[in-house]
Structures are given as structure tokens and as C-alpha cells.
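To start, the structure under review is shown below, and the notes come after it.
Just so it is clear, the model here is predicted, and its values are computed rather than measured.
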Amino acid sequence: MLSKRLQYILIIIGAVVLASCGNASQGGRPAPGPIAVTAVKVQPQSKQFFNEYPAVVKALQEVDLRSQVSGYITGIHFTEGSEVKKGQKLYSIDQQQTQAAYQQALANLSVQQANLERAKKDVERYRELDEKDAIAKQQVDYAEATYAAAVKQVDAAKAAVSSSQTNVRYSTIVAPFDGTIGISQVRLGAAVTPGQTLLNTISSNDPMAVEFVLDQSEIMDFASKLKNKDEKADSAFHLAIGGTKYPYPGKLTLIDRAVDQQTGTIKARVEFSNAEGALRPGMSVTLQVSNEISSALAVPFKALTEQLGEFFVYTVKDDNTVSQQKVIRGRQIGTDVILESGVSAGQTVVVEGVQKLREGAQVTIQ
């Protein structure tokens, strides 16, 4: 009875082994008959792509307004956040002290001019007497020295008048250029200190600068773009603000003087039209730089298979069998990827049905 049970067990084991061997042998061979695939013929083509750089919007002109005289704010003559014109009055500072200093300087100038006139007459009279030997030489020298000192005192008085007059002008602060003025940092009646108190900031509006950082390896390429002034070069720069594309192209205007030795990078600037006022200083944007590769060999990305970090494609030979070829993958552009090496122009590469293929498999192209 035990022997019959052992026979049954051996029979079952044998059946399982035969079944597994049969499955293994079928899995090791290509599926019978040609495998239906889709394929493309690799041909040189021009491919356009964008390099993206984080960038910051900056005004081409921007200045902090600070008082050059002390006093109290007596007038604010603009609307915060509005556009202002060059020479437009912005702030008034109490002029009582500056006007008083100006009037005092004028009075002192008059006194010194009177002294000069008296010294001039004295020296002329003493010179006539000296020609007749009717006066001591020492008195003539004293008169000459007094006259020279009076001339210098008049010059000093004129300088004081000019300085005090400048302070009077500084009591009225005007816009240095056309632009947009920000929120006032002072209110009516606030005391200001020369050179310290920040009143406001003005920045130019149009065009606006977009500054970004280049790796030093890209300098030659961008230097070529800077030198090339044709329409194609001017349309190579675009902005993305969040998920929105800015409607106007930019123009590369400068590359900085030197490379930062610590980072190996250099700053560059692109200018954009800001006719609609959408760009504001301090904005973080993405600069898109258009580039083009001519005679690129590209295939759909799904044609590639990856094995241990290496990439392969299946090419179709003249006898409709496939051969697996190792390729060097380049830049991906949309759904396509550029192949740096591994295939030649004119070869046919399988795009769909790749997962069914083995080396030497027979295919039919749909």
C-alpha cells in the first residue's frame, strides 16, 4: 500500500517537472511568427528646445530718495504708486532755516564786497603815492595784502551763498527721471535727517531688465548671441511668470565683467518691453532661451529600453529581424529624445511593441 502511494507521488512530481520544462523552453524562444510592431525611420532633423534659468526682474534705473537738509516734511505732492515725470515736485521740507541761512549769506556777501571796494581804492591811492615816493613801502605792502584778503573773502562769501542756495533747492525734492514712485516712508510733519532718512524709491518702468546667472561654460554661446543683432537672436529670449508666458520677446544686452571665482558663474541681463506694466522690480521669473540643434537624430522616447543604466533600441534589418543596439541618450525634447550615437540616419527603429522583442525576432511593421 505504501509503494502505491509512493508511485502516485512520483507520477505527480514527474508531471510537474515536465510542465515546467515545457514552459521554460517556450519562454526561451521568440514567439512563433512575426511580431507586429510600429517603427520609424531615423532621419536628420532640426530640433528646437528651451534652456530655462531662474531670473529676477530689475529696473534699469532705481534710486532711493533721501533728504539733503534737515527739517520737517511740509508737503507730499504725488499719489503713492503712481507714475511721475522727471522734475516733478515730490516732497517739500520746511525752508525757514535754509531761507534764513541764504539771506544771511547774501548779507555777508554784500559786506565783503563793500570791504573789497574800500581795499581796492586804498591800494590804488597808495600805488600812486608810491610812484612819487610819498609813502613808506611798508604801507603799500599792507594795502596790497588787505586788498588780496578782501578778494578771497568775497570769493568765500559767494561760495556760502551758493551753498545756502543749494540747500534751499534741496528743500524741494523732485523726480530725477520718469518712473514709478513707491509708498512714502514719511508722512507730513515727520522730521528728516540729511542723508539718512529714506523718503521713497523711484524706479523706471519701460523697458525692464531680467538678470540671471550663467555657468562659465555657456559664456561663448551667449557672447555669440550678444554679438548677433539679427531678428532671430532677438526672439530667442522669453519669460514665463508662473505658468503664464510673457507675450513679448527679450533682447540680451550685457554679460557682466567677470566670473565669480567661488561659483564659476557670471551675471547676464536681458531687457523686455513693459508697455503694459506687468513686470515689477523684484519679481521671480523663469527665463527661457531658445536653442536649435540641426541634423539631430531623434526617436520617440518610448523606443528606448533601459538596462542597468544603459539605453538600447531595436533596429529592423533588411530581413525584417530586429537587432538590439546600445545608444547614447541626449536631450529629451517633448516626446522625442536625441540620440548622440548608436544609430545612423536611414535606420528603422521600433517604437511600439518593444516589450515583445528579443534579439533576432521576426517582425512585421504596421
Discussion item. Among residues at least two apart in sequence or on other chains, which ones pass side chain to side chain contact (heavy atoms under 4.5 Å, CB included) with Gln68?
Written reply: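 Listed in chain order: Tyr170.
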
Separation between CG of Asn115 and CD of Gln153, rounded to the nearest 0.5 Å |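 Result: 6.5 Å between the selected atoms.
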
Test salt bridge (charged side-chain N to carboxylate O under 4.0 Å, His left out) applied to [X] - qualifying residues, sequence neighbours left out:
| X | result |
| --- | --- |
| Glu310 | Lys326 |
| Asp260 | none |
| Glu117 | none |
| Glu80 | Arg187 |

Who passes ring-ring contact (aromatic ring centres under 6.0 Å, His included) against Phe311, sequence neighbours left out?
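None.
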
What residues, two or more places apart in sequence or in another chain, satisfy ring-ring contact (aromatic ring centres under 6.0 Å, His included) together with Tyr246?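 Counting only residues at least two positions away or on another chain, Tyr246 forms a ring-ring contact (aromatic ring centres under 6.0 Å, His included) with Tyr248.
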
Could you note down all residue pairs passing salt bridge (Lys or Arg N to Asp or Glu O under 4.0 Å) where [range] supplies at least one of them, sequence neighbours left out?
| range | value |
| --- | --- |
| residues 96-115 | none |
| residues 84-102 | none |
| residues 61-72 | none |
| residues 152-175 | none |

Problem set entry | Under 3.5 Å: donor-acceptor pair, side chain of Gln362, backbone of Asp319 |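 Answer holds: yes.
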
Scan side-chain atoms only and decide if Ser184 and Tyr91 contain a donor-acceptor pair under the 3.5 Å cut-off.
->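 Present: a donor and an acceptor within the cut-off.
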
Practice task
Tell me who clusters with Val40, hydrophobic residues only, linked when side chains sit under 4.5 Å apart either directly or through other members.
Solution key: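 Under the 4.5 Å side-chain rule, Val40 groups with Val351.
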
- prompt: Of all heavy-atom pairs between Ala59 and Ser203, which one has the smallest distance, and what is that distance?
  reply: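 Taking every non-hydrogen atom into account, CB-CB, 3.6 Å.
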
